[in-house]
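Notes to accompany the following structure.
If you're wondering where the values come from, they're calculated on a predicted model, not measured in any experiment.
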Amino acid sequence: MTSLSHAQALSVAQEAVLLLGRWAGASPSIPTATADSKAVTQAKDLLKWPQDSRSNLEQQVKPLRLLFDDVNLSNGQGSKNHYWPVGYIKDHDSYPPIPYPQPNADDLDPIKPPIQQAIASLQPDEWNNLSLLMLILEKFGSYVSFGEQDNVSLLDLTRTTAAVAAALANQPDAKCLTLIAGDLSGIQKFIYTISSDGALKSLRARSFYLELVTQEVVEQLLSALDLPRTNVIYAGGGNLYLLAPGDEGTIVQNKIAQVRDRFNEWLRKTFQGKIFLALDCLPFATEDVGTPEFAKAWEKATKKLAGQKSRKFQSQISELVKPKPAYEPCRVCYRDDLPLPSLEPLNNQEADSCLACWMCRTMFDLGAKLFKVEAIARSKQSTIKGAQDRLSIGGTFYYLFEEWKTANAIANEDSTLFLVNDWTLEPYRTGNAVPLLLGNYGQRCPESGPDHAQPQFMNAREMAAAAQGIKRVASLRMDVDNLGKIFAKGLGSNQTLPPLAGLSRQMSYFFKVYLNSLAKNRQDNLPAKAKTLSDDSRQNLLFIYAGGDDLFVSGTWNEVVEFAFDIYQSFRAYTGYNTDITLSGGISIDGAKFPLYQAAEASGDSEKAAKNNGRDSLGLFEQVFKWDEWLGSTSPSVADSDARECLKSAEYPPILGIFPLIEQLEKQQIETNYARSFVRSLLATAQMQDQMIKEMENKRKTLIHEKEPKQYIDYYEKEIKHDIRYYLHLPRMAYTLARLPQRVREHPEFAPVRKSLNNPYNAPYFRAIATWLELLNRSQSQSND
């Protein structure tokens, strides 16, 4: 590390670790802090680094207040304040427990001993290892605040101050800085639009590959602009943001254009134009990093990318329009520009495997190897022995290793070593290692056995076989509602660089780190008072993608459904139950042989329907309800205002919502024949309601067409429709309940269930309740029908 920009970032990181060590009472042979350079001084002034930090540490290091509490779009948190619990990320903790905010601040003293131990272990030459120092700050400084803003962590203040200092290194008085924004478009098509046997692990490999593509763009930008890694504000899921020096004479802009054009040339040749890199930059006033104006720069930089996306491959247009011969298409991705000899069997282990192109074969093979990838070496060398696989990305090679020691022994000094979800200090002492966070949970294929030479992820057939009731798999897609608005204006006057970087990191942590924990160790990671249908460990899941603010997960249908509810409740607790920060999701349930790309499309459609339901909703069983309606509530506010107005005279049910009624009905252990009869009756009631409501809507349209009086039309719109929706079920439900076994009907615990099923508030949920029960209780023979 010799460049001036790296030296500035290192200086800030060294001071932060020194301060943390002194606060914790560490007494190692550490270097004495030196005077700040002009660039570091400027950066500290802009981002409000505490002026008396070196002598006033007990007042500067405090419990970290929840940044999500300050997000306010329309509802907000009001005066609520939460704090992160005291803690740190432990060594060998690949899947650390989810920290849930609490109303009161913890005493920070318990984390001082491990900090002392970590900092005391530093050798003199390791004080120049920026990667190691930043990892120490990430382990111990992610959940303590530093400075006047008690919702900005020591880690986020350090890395943003280091980023600004690095950007100002050569021109401390520069009037402007540059924000670089990038976006890989076409990811959805690349990941999901494939059709083949073994598609599940191919999808996982494609998602992993695109993470490395995003990483390679970042690496090339850092190299071209000679910037340290602290200047990466965010990178993941095909999106990236970097802070760079001011752009005098368009030098920065030209370097960015060179990276973009070089990368797009490779993307065009490799993916036939299906994937495109939009990469642009925006100069902004230097002082804006410490004001809400920075959020405007962020928004403008993002919007600039739209122009490039509308003119994809403009500089390579002559190549794109050249006439090209078409050949027999690849049976996986359907590209048709490769002559037949280029197509080979996708799976060499199967005689009748379909013919596939080199990229699809690479992804298929990669999917079988990802289970144990713990280290990835990035190198310009075309050959490194000892790696289990090699990927070529944008002119650079990525070598996959099962453990970091092998990678470290083989990779040369010019390599970068990415360590997957590894917070152990030891590997980072080499100086070329950096963490790579991945939402990568996947259940091991039982057939591979504990001693199998190459363990693999479960496939769709194995997942379906492990499902409860009907033998089906499910696909779940979810993402955060209004994320763009949250970043553009959610923090109001607090919309400066450090809080925005913190918001981005904490959001990314949930999807890339803590979802792994929730999948692997369910009971240890659910929030207090979480509603669950079962106590199962629920591990038959495979993350296709999880990062940024969204996810795509496959698995046994019942476990995916429960996982969706777990995720929502965990996310709401993690964000302090801020009503402006919600999730929407969609689930499709299909047979094991159903094309996965169609399942991805169906779950995506279901997710869109949830968004169209006012967000904060889930689409499941081809129905969409608010999460509160699925989960149940003790308040009639779950129902919309129109329903409440209609049902104001109705008694409020003891049990409201789909989830609690499923739970109670499962507890009754109704005999199989009675249960089937009950479900069929419930479904018939729901279908009758739907049919009559549709007829009323058609009648209303006819009345409008015939220009009947508004009063008459409204009568059909509200009164008759409401009567059907909320009261039509009563006679049939009374008959259905009367046919249940006497021991069930007369059991004291069944009384509130009976009352709730007869209540109009629950009438809209009958189809979802019946479908859920039907799938849970299908026998093996019925599943194969």
Exercise. Output the distance between atom CG (Leu225) and atom OG (Ser3), rounded to the nearest 0.5 Å.
Key: 11.5 Å

Quiz prompt | Pairwise distance CD1(Ile119) to CH2(Trp23) - rounded to 0.5 angstrom | solution = 10.0 Å

Quiz item: Where is the tightest heavy-atom contact between Thr160 and Pro498, given as atom of each residue plus distance?
Solution: OG1-CG, 3.6 Å

Quiz item: Taking side chain as C-beta onward, heavy atoms only, is Pro99 less than 4.5 Å from Pro85?
Solution: yes

Quiz prompt | Gap separating the CG atom of Asn104 from the NE2 atom of His82, nearest 0.5 angstrom | solution = 10.0 Å

Exercise. Look at the side chain of Thr286 and the backbone N and O of Lys175, then say whether any donor-acceptor pair between them is shorter than 3.5 Å.
Key: yes

Quiz item: Do the non-hydrogen side-chain atoms of Leu221 and Leu227 ever get within less than 4.5 Å of each other?
Solution: no

Exercise. Examine the side chains of Gln215 and Glu211 and answer whether a donor and an acceptor come within less than 3.5 Å of each other.
Key: no

Exercise. Step through the shown structure and confirm whether more than 12 heavy atoms of other residues, nucleotides or ligands are within 6.0 Å of NZ on Lys529.
Key: no

Quiz item: What class does the angle between the rings of Trp49 and Phe146 fall in, given that below 30° is parallel, 30 to 60° is tilted and above 60° is perpendicular?
Solution: perpendicular

Self-check item: Full working for side chain to side chain contact (heavy atoms under 4.5 Å, CB included) between Leu222 and Leu242
Solution: CA-CA 9 Å; Leu222 292 177; Leu242 277 75; 3.8 Å; yes

Quiz item: Do Asn516 side-chain atoms and Lys512 backbone N/O form a donor-acceptor pair below 3.5 Å?
Solution: yes

Quiz item: Taking atom CD of Gln8 and atom OG of Ser37, what is their separation to the nearest 0.5 Å?
Solution: 3.5 Å

Self-check item: More than 12 heavy atoms of other groups within 6.0 Å of Lys489 NZ
Solution: no

Self-check item: Nearest non-hydrogen partners of Asp422 and Tyr428, listed with the distance
Solution: O-OH, 2.5 Å

Quiz item: Yes or no on side chain to side chain contact (heavy atoms under 4.5 Å, CB included) for Leu551 and Ile567, after CA distance, side-chain angles and deciding distance?
Solution: CA-CA 10 Å; Leu551 61 89; Ile567 293 171; 3.9 Å; yes

Quiz item: Between Tyr95 and Asn440, do the side chains contain an N or O donor and an N or O acceptor separated by less than 3.5 Å?
Solution: yes

Practice problem: Quickly, which of Asn239, Val480, Ile486 forms a side chain to side chain contact (heavy atoms under 4.5 Å, CB included) with Asp549? Name it, please. | Solution: Val480

Quiz item: salt bridge (charged side-chain N to carboxylate O under 4.0 Å, His left out) between Glu216 and Arg378: does it pass, once the steps are laid out?
Solution: CA-CA 9 Å; Glu216 179 57 23; Arg378 175 185 182 268; 2.7 Å; yes

Practice problem: Heavy atoms only: give me the nearest Leu122-Leu133 pair and the separation to one decimal. | Solution: CD1-CD2, 4.1 Å

Practice problem: Considering non-hydrogen atoms only, spot the tightest contact between Leu47 and Leu157 and give its length. | Solution: O-CD1, 3.6 Å

Quiz item: Could you walk me through whether Lys485 and Asp580 pass the salt bridge (charged side-chain N to carboxylate O under 4.0 Å, His left out) check?
Solution: CA-CA 10 Å; Lys485 285 184 181 177; Asp580 279 332; over 6 Å; no

Quiz item: Okay, side chain of Gln495, backbone of Ala488: is any donor-acceptor separation there less than 3.5 Å?
Solution: yes

Practice problem: Using a 4.5 Å cut-off on heavy atoms from C-beta on, say whether the side chain of Ile376 contacts that of Leu417. | Solution: no

Exercise. Kindly compute the distance separating CG (Asp156) from CG (Leu67), expressed to the nearest 0.5 Å.
Key: 8.5 Å

Quiz item: If only atom types and distance count, is the side chain of Lys139 paired as donor or acceptor with the main-chain N or O of Trp423 below 3.5 Å?
Solution: yes

Quiz item: Looking only at side chains, do Arg429 and Ser121 share a donor and an acceptor under 3.5 Å apart?
Solution: yes

Practice problem: Begin from the C-alpha positions of Lys296 and Glu293 and carry the test salt bridge (charged side-chain N to carboxylate O under 4.0 Å, His left out) through to its verdict. | Solution: CA-CA 5 Å; Lys296 295 179 182 176; Glu293 292 297 310; 3.2 Å; yes

Quiz item: Short question: side chain of Gln116, backbone of Ala24 - any donor-acceptor pair under 3.5 Å?
Solution: yes

Quiz item: Using the ring of each side chain (for Trp, its six-membered ring), is Tyr234 parallel, tilted or perpendicular to Tyr241, with breaks at 30° and 60°?
Solution: tilted

Quiz item: Would you call the rings of Phe397 and Tyr399 parallel, tilted or perpendicular, where under 30° means parallel and over 60° means perpendicular?
Solution: tilted

Quiz item: Just by distance, do the side chain of Ser223 and the backbone of Glu219 share a donor-acceptor pair under 3.5 Å?
Solution: no

Quiz item: Which atom pair, heavy atoms only, marks the closest approach of Pro527 to Tyr100?
Solution: CD-OH, 3.5 Å

Quiz item: So, Ser5 side chain and Ala167 main chain: donor-acceptor pair closer than 3.5 Å or not?
Solution: no

Exercise. Check whether any side-chain N or O of Thr161 sits under 3.5 Å from a backbone N or O of Ala43 as a donor-acceptor pair, and report yes or no.
Key: no

Exercise. Look at the rings of Phe571 and Phe511 and say which category their plane angle falls in: under 30° parallel, 30 to 60° tilted, over 60° perpendicular.
Key: tilted

Quiz item: Can you check whether Asn521's main-chain N or O pairs, donor with acceptor, with Asn525's side chain at less than 3.5 Å?
Solution: yes

Quiz item: Under the 3.5 angstrom rule, does the side chain of Ser570 hit a backbone N or O of Asp566 as a donor-acceptor pair?
Solution: yes

Exercise. Tell me yes or no: between the side chains of Asn578 and Thr575, is some donor less than 3.5 Å from an acceptor?
Key: no

Quiz prompt | Close side-chain approach of Pro228 to Leu130, heavy-atom, < 4.5 Å | solution = yes

Quiz item: For Glu403, does the CD atom have more than 12 heavy-atom neighbours from other residues, nucleotides or ligands under 6.0 Å away?
Solution: yes

Quiz prompt | Separation of Glu138 CD from Thr158 OG1 (nearest 0.5 Å) | solution = 11.5 Å

Exercise. Please check if any side-chain donor atom of Asn151 sits under 3.5 Å from a side-chain acceptor atom of Asp70, or the reverse.
Key: yes

Quiz item: Does the distance from a Lys or Arg side-chain N to an Asp or Glu carboxylate O, for Glu58 and Lys112, drop under 4.0 Å?
Solution: yes

Self-check item: Lys520 versus Gln539, closest heavy-atom pair with distance
Solution: O-NE2, 3.0 Å

